[in-house]
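Note on naming: letters A, B, ... go to the chains in the order of the sequence lines (proteins, then strands), and numbering restarts at 1 for each one.
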Protein chains: 2
Amino acid sequence: MNTKKKTTIKDIANVLNISPAAVSKALHNDSRISEKTKKAVRQVAKNLNYQPNHLASALRSGKSKLVGVIVPRTNSNFFSSVIQNIEEVLNKEGYNIIITQSNESYKKECDSIDTLLFTQVDGIIASMANETIDLFYYEKIKSKGIPLILFDRGENDLNVDYIGINDYDSSHVIVKHLVSQGCKRIAHIGGFKHTRIYNNRINGYIDALKKHHLPLDDELLIESNLTIEEGREKMKQLLSLKNRPDAVYVAGDYAALGALQVLNEEKISVPNEIALVGFGNEPFTDMVTPRITSINQHSEEIGKQAAFVFLKHAKNSIIKQKLDKKILDAELIIRDSSNKKTFL
Amino acid sequence: MNTKKKTTIKDIANVLNISPAAVSKALHNDSRISEKTKKAVRQVAKNLNYQPNHLASALRSGKSKLVGVIVPRTNSNFFSSVIQNIEEVLNKEGYNIIITQSNESYKKECDSIDTLLFTQVDGIIASMANETIDLFYYEKIKSKGIPLILFDRGENDLNVDYIGINDYDSSHVIVKHLVSQGCKRIAHIGGFKHTRIYNNRINGYIDALKKHHLPLDDELLIESNLTIEEGREKMKQLLSLKNRPDAVYVAGDYAALGALQVLNEEKISVPNEIALVGFGNEPFTDMVTPRITSINQHSEEIGKQAAFVFLKHAKNSIIKQKLDKKILDAELIIRDSSNKKTFL
DNA sequence: TATATTTGCTTAAACGTTTAAGCAAATATA
DNA sequence: TATATTTGCTTAAACGTTTAAGCAAATATA
């Protein structure tokens, strides 16, 4: 059907009666090629509609110009925004990204890693699945010498670059806010301790309670996978206590939403009877009734920084650099679910 | 640092004292290689931890084993689910996908197409941006002989494979449902007519009104870009009418959400004063108050079908096949926002 | 037994680049 | 003017596969 052969560097060389090597150098702006030749090459390339064969140059140079991105899921605003910003930065530098979703599954994550390694990506930017405890596959990436950058869900033991927000401080900001609203029994529906960010949020919660001289009650500290369903369950669990909390800080917006549904169903006034705070600032926190107070995770900044760190590695691969650990300040977005003043 | 050279087909050949060609054939299960040799090759490949060089085989065979996917955005459940299902099907066949987001921008979409063509993808699966009217870039894909499959946001003029739901019928189902709820003045906040799916929904709406002997009022038919913001605006516009509608059918869930926010703010009872129906069955339709009736778009099925159609092309590229146009039945999920019975 | 076919490999070239090494002509330096 | 350096290219090999063509040995066929 379409038998138009693609134009190659050779075709350009033939037109100008120079060697393909000269063409290649001209296109790469090599200083040892004359301006005159460069201009001619560029002109002919344009005329013949030359498109460089990415596979050939990748093979020869050993660089695929592809970066793998692994996220637990893309249908969360946080991850999709991070991805978009990674893409924006990397596209400008001639890189493309391959996105894979782990769906929070350890097995799927391992498959993704194998797939990306097979595709010869030049680097991997990842946020770990909830399930992941065994770091073997991540060590595999490191051992191949491929730059690995983690964001949000990281892991100290891996000893790689990391970009995230200050989870420990976020808990402090939240507790302080709730205390200022007059709350005295603050519960925490947290993530699993084995994930660093959730562990930090839990520790921040515990320390902030101490700081404000509030008692730490084991009944009020619950670990969960932070899905909507578990948010509902754990909220019910809290409501069944003899001594109910007057505030609940949930370590994820989806679980916070589940908790809110239960509170609404039980006709419990939010924030007056129980104040509610989520984490992540997903768009729906601003859509439900009442709107949910949450922590902005700076997804744009995280995406951009992750891309920059990768580029740094890509540009000087030889020098063993010291690790980049970038911790961004979190920002509390106060909304109806915790702001009693709007109800006075 | 990491100087371990990668093992190649040559290394395997050396160990077994056969030619690299024989190794390649053995790994591809060529019928002209003895079982004995195949077994030996597979064993040595395993021992040496051989990973085929995807770039080399892609260059030689002219196939990159990459498929490009273009979506308006990934942070909608519909698109992220479609993508996930495309990925699942294609991964099994050894393909990887490169996801790009157009952000509903025509320019970004064109860039994406160029990027994907540059990366030498073997095919492109796309859903068009709202802004896109000029089809030049899509024609470019076709003219290069690269399989192009559209889903959801398609375009008749392009004459390519398409997978989507029956938008015309969906409008009929919605109008029928609203009529059964006693609604007599049904408004439609639609998408732009130049996008085929929205045009079909509008035509379905018009024809369904006729069928049920309801008058068609120009004031009640509005085109929009279906963002939350425009959902709010257009709803306000409808509320400012002397003769308000008693039902609003919005062609997208996000705009429906915006409309609902306005209705809630204005203390208008939903569904009793005004019934509301969205489109897309985004998860948040089941989270807000009242829960929004919507159309399930069968994202899983659409993703899988799109992948299958691509594979069909990839497998027999020579034969000019007739086009696949797969139109799936839509399904109405009735919730509180339109179900007056639950309020009686 | 003579010829034809099949089996199981090898040889060599190719995919389209990039890059190290080298060389002649032009220019700079002493 | 003689030598050194720079400029602007060319040559040839390489990246790791795949594949068309071919060939000897083994097997089938007449």
Side-chain angles (χ1 to χ4, degrees), chain A residues 3-42 44-45 48-66 94 117-122 144 317, chain B residues 3-42 44-45 48-66 94 117-122 144 317:
Chain A
T3 43
K4 243 191 306 179
K5 286 254 316 206
K6 285 187 184 159
T7 54
T8 72
I9 243 172
K10 249 183 175 166
D11 301 324
I12 302 176
N14 285 340
V15 170
L16 295 170
N17 250 337
I18 56 176
S19 71
V23 175
S24 171
K25 285 177 182 164
L27 291 171
H28 287 86
N29 210 21
D30 189 296
S31 62
R32 294 283 286 277
I33 300 291
S34 71
E35 260 323 308
K36 199 179 131 201
T37 307
K38 282 182 191 171
K39 261 189 193 150
V41 166
R42 280 192 278 256
V44 174
L48 299 182
N49 190 26
Y50 169 70
Q51 296 283 115
N53 185 321
H54 154 260
L55 293 170
S57 64
L59 174 62
R60 178 60 232 251
S61 64
K63 298 287 162 200
S64 68
K65 286 283 186 177
L66 291 170
L117 292 177
F118 169 72
T119 316
Q120 321 256 55
V121 293
D122 290 345
K144 298 224 174 197
S317 53
Chain B
T3 43
K4 243 193 305 179
K5 287 253 315 205
K6 284 189 186 158
T7 56
T8 71
I9 244 172
K10 249 184 177 166
D11 300 322
I12 301 176
N14 285 341
V15 171
L16 295 170
N17 250 333
I18 55 177
S19 71
V23 174
S24 172
K25 285 177 183 164
L27 290 172
H28 286 88
N29 211 20
D30 189 297
S31 62
R32 297 282 286 277
I33 300 290
S34 70
E35 261 322 309
K36 200 179 130 201
T37 307
K38 283 181 190 171
K39 262 190 191 148
V41 166
R42 280 192 277 256
V44 174
L48 298 182
N49 191 24
Y50 169 70
Q51 296 283 116
N53 185 321
H54 153 259
L55 294 170
S57 64
L59 174 61
R60 178 60 231 252
S61 64
K63 298 287 162 199
S64 68
K65 285 282 183 177
L66 290 171
L117 291 178
F118 169 71
T119 316
Q120 321 254 55
V121 293
D122 291 343
K144 298 224 173 197
S317 53

Check your understanding: Where is the tightest heavy-atom contact between A/S57 and A/H54, given as atom of each residue plus distance?
Key -> OG-O, 3.1 Å
Review point. Can you check the A/K36 NZ to C/dA26 P distance for me, whole Å?
Key: 12 Å
Point to revise | Euclidean distance, atom CG of residue A/D11 to atom P of C/dC15 [Å, nearest integer] | key: 11 Å
Practice item. Looking at every strand, decide which applies to A/S19 at a 4.0 Å heavy-atom threshold: base, sugar-phosphate, or nothing. Key: base
**Study point:** Residue that, paired with B/Y50, satisfies side chain to side chain contact (heavy atoms under 4.5 Å, CB included) out of B/V44, B/L27, B/D11
**Key:** B/L27
Review point. Do B/N53 and B/I9 come close enough that some side-chain heavy atom pair is under 4.5 Å?
Key: no
Point to revise | Within-4.5 Å side-chain heavy-atom neighbours: B/K6 and A/Q120 | key: yes
Check your understanding: Can you find a heavy atom in the side chain of B/T7 that is under 4.5 Å from one in the side chain of B/I12?
Key -> no
Check your understanding: Given side chains that start at C-beta, do those of B/L66 and A/T119 come closer than 4.5 Å, heavy atoms only?
Key -> yes
Practice item. Give a yes/no on whether any side-chain N or O of A/S31 is located under 4.0 angstrom from OP1 or OP2 of D/dT7. Key: no
Exercise for review: Measure the distance from CG on B/L55 to C1' on D/dA14 and round it to the nearest whole Å.
Suggested key: 15 Å
Revision key, fill the gap. When rounded to whole Å, the CG to C1' distance for the pair A/N29 and D/dT7 reads 16 Å
Practice item. Provide, to the nearest angstrom, the distance between the CD1 atom belonging to B/I18 and the C1' atom belonging to C/dT7. Key: 15 Å
Exercise for review: Would you kindly give the NE2-to-C1' distance between A/H54 and C/dC15, to the nearest whole Å?
Suggested key: 15 Å
Review point. B/N49 versus B/Q51: any side-chain heavy-atom pair under 4.5 Å?
Key: yes
Revision key, fill the gap. Heavy-atom nearest pair, B/D122 first then B/G62, reads OD1-O, 4.4 Å
**Study point:** Protein-nucleotide distance (B/L48, atom CG; D/dG16, atom C1'), rounded to Å
**Key:** 15 Å
Review point. For A/N29, which residues count as a side chain to side chain contact (heavy atoms under 4.5 Å, CB included) partner, sequence neighbours excluded?
Key: A/K38, A/R42
Check your understanding: How many Å lie between CG on B/L16 and C1' on C/dT10, as a whole number?
Key -> 15 Å
Check your understanding: What string of B, S and - do you get for nucleotides 17-23 of chain C 5' to 3' if you count protein non-hydrogen atoms under 4.0 Å?
Key -> BBBBB--
Revision key, fill the gap. Taking five pairs at each terminus, the helix from C/dT1-D/dA30 to C/dA30-D/dT1 shows an axis bend, to 10°, of 30°
